[in-house]
Amino acid sequence: MTDLANAPLRRRRLLGNIGFHGFGVVASFFFLAPFIWAGLASLRPGAEASTPPLPPWPTTGISFDNYATLDLFGAGIWQHTINSLLVSLGTVVLTVLVSVLAGYGFSRFRFPLKNVFFVLIIATLMIPFQSILTPLFIILARLGLNNSLVGLMLVYVTLQLPFSVFMMRNAFDAVPREIEEAARIDGATDWTLLVRVLLPLVMPGVATVGIFAFLNAWNEFLAALILLSDNDKYTLPVLITAVRAGRLGAINWGAVQAGVMVMTIPCLVVFLLLQRYYMRGLMAGAVK
């Protein structure tokens, strides 16, 4: 009798699980479809790539001609990829370093106007970065950093710091102070406390800051277009624009799709490697 009474409940649970997983599969398909479409379209032969993108998969055989064509634009795909990697990795390193120190200071130290300075930093998030590109261009020109990857990297770091400092302060606030007090009793200095005790505990927040910094620097277009004038120093987003314009105004769709895949793969790799820390960082720090 008990099994018969529980049968409807088990049936509802089974249907609920099927519906839940079915919805997840459908949602995953819609998220992955653009990447699959671009990947298949990038493998179409050169002559076929100029035709309408339906169907998106190659119908006359797989070809890497689009990637070879992409390498003919600008200084070559490898040079522009290296430019983007240098800027993105430099942005990540500087952003993490400054935000960790600033977040630690705002979380654990007391100093005059502490809250005022923090609010001013957060308030800069409301300023559209497009409105400050002209002042940044003038400042970089005065410093001799205009048309340089270092100058572009410093601009990206400046744009990333408000959010990063906010994340790291919340990450440090989430660490119980009893851990810090126990380390101080054992004779740990401020630097030892930060590096050996607190930093491993806030690593999810560091990963979150690093992912955001990398993705934003890797995909940013407008600042790179305005602040860089040397073709050999262009990053990948600017190169894709040149590919999209094409020669005589014609759009080379195959090369565009190849460029999309070149830009997408590093982002997917970084996110998949750090997604566990990324989710933990968002849940532990940002919503505190």
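Note: the hydrophobic cluster containing Trp191 also contains Val100 (ILVMFWY, side chain heavy atoms under 4.5 Å, direct or indirect links). Transitive grouping of hydrophobic side chains (ILVMFWY, heavy atoms separated by less than 4.5 Å) keeps Leu94 and Leu101 in distinct clusters. A single hydrophobic cluster is seen to contain both Phe172 and Val195, as judged by linkage of ILVMFWY side chains at heavy-atom distances under 4.5 Å, directly or through other members. In this structure, Leu201 is a member of the same hydrophobic cluster as Phe109, with clusters built from ILVMFWY side-chain heavy atoms closer than 4.5 Å. The hydrophobic clustering, which links ILVMFWY residues whose side-chain heavy atoms are closer than 4.5 Å, places Ile240 and Val87 apart.
The CG atom of Leu198 lies 8.0 Å from the CD1 atom of Ile179; values are rounded to the nearest 0.5 Å. Here Leu149 contributes atom CG and Asp232 contributes atom CG; the two are 10.5 Å apart, rounded to the nearest 0.5 Å. Between the CG atom of Asn115 and the CD1 atom of Ile122 there is a distance of 11.5 Å, given to the nearest 0.5 Å. Put simply, CD on Glu178 and CD on Glu180 are 10.0 Å apart, with the number rounded to the nearest 0.5 Å.
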If you apply the rule side-chain contact (heavy atoms from CB on, under 4.5 Å), what do you find for Arg108 with Val175, and how did you get there?
CA-CA 11 Å; Arg108 290 298 193 258; Val175 178; 3.7 Å; yes

Using side-chain contact (heavy atoms from CB on, under 4.5 Å), reason through Phe212 and Thr95 one step at a time and then give a plain yes or no.
CA-CA 10 Å; Phe212 268 94; Thr95 300; over 6 Å; no

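Judged by distance alone, the side chain of Ser88 and the main-chain N or O of Leu85 form no donor-acceptor pair under 3.5 Å. The main-chain N or O of Ala213 is never found under 3.5 Å from a side-chain atom of Thr91 such that the two would form a donor-acceptor pair. Listed for the Ser148 side chain is a donor-acceptor partner under 3.5 Å among the backbone atoms of Leu145.
Using a 4.5 Å heavy-atom threshold, the side chains of Gln79 and Lys233 count as separate. Residues Thr81 and Ser84 have side chains not in contact (no heavy-atom distance under 4.5 Å, counting atoms from C-beta outward). No side-chain heavy atom of Tyr104 sits under 4.5 Å from any side-chain heavy atom of Leu199. Taking 4.5 Å as the limit, some side-chain heavy atom of Phe221 sits within range of a side-chain heavy atom of Thr241.
Taking both residues in full, the closest heavy atoms of Val202 and Ala171 are given as CG1-O, 3.6 Å, listed atom of the first, atom of the second, then distance. Closest approach of Tyr234 to Leu228, counting heavy atoms only: CE2-O, 3.5 Å. When all heavy atoms of Thr264 and Val260 are compared, the pair lying nearest together is OG1-O, 2.6 Å. The shortest non-hydrogen separation linking Ser229 to Asn147 is N-OD1, 2.9 Å. Nearest heavy-atom pair across Leu225 and Val238 is N-CG2, 3.9 Å. Between Trp218 and Pro237 the shortest heavy-atom distance is O-CG, 3.5 Å.
The 12-atom threshold is not exceeded at CZ of Arg142, counting heavy atoms of other residues, nucleotides or ligands nearer than 6.0 Å.
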Side-chain donor-acceptor contacts of residues 124-138 below 3.5 Å, not counting sequence neighbours, with atom names and distances?
| from | atom 1 | to | atom 2 | distance (Å) |
| --- | --- | --- | --- | --- |
| Thr124 | OG1 | Ile121 | O | 2.5 |
| Ser131 | OG | Pro128 | O | 2.6 |

Donor-acceptor pairs under 3.5 angstrom involving side-chain atoms of residues 150-169: please list them, not counting sequence neighbours.
| from | atom 1 | to | atom 2 | distance (Å) |
| --- | --- | --- | --- | --- |
| Tyr156 | OH | Glu220 | OE1 | 2.6 |
| Thr158 | OG1 | Leu154 | O | 2.9 |
| Gln160 | OE1 | Asn216 | ND2 | 3.3 |
| Ser164 | OG | Gln160 | O | 2.9 |

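Not counting sequence neighbours, the partners of Phe111 by the ring pair (Phe, Tyr, Trp, His ring centres under 6.0 Å) test are Phe106.
For the 3.5 Å distance criterion, the side chains of Asn83 and Thr235 fail to qualify, holding no donor opposite an acceptor.
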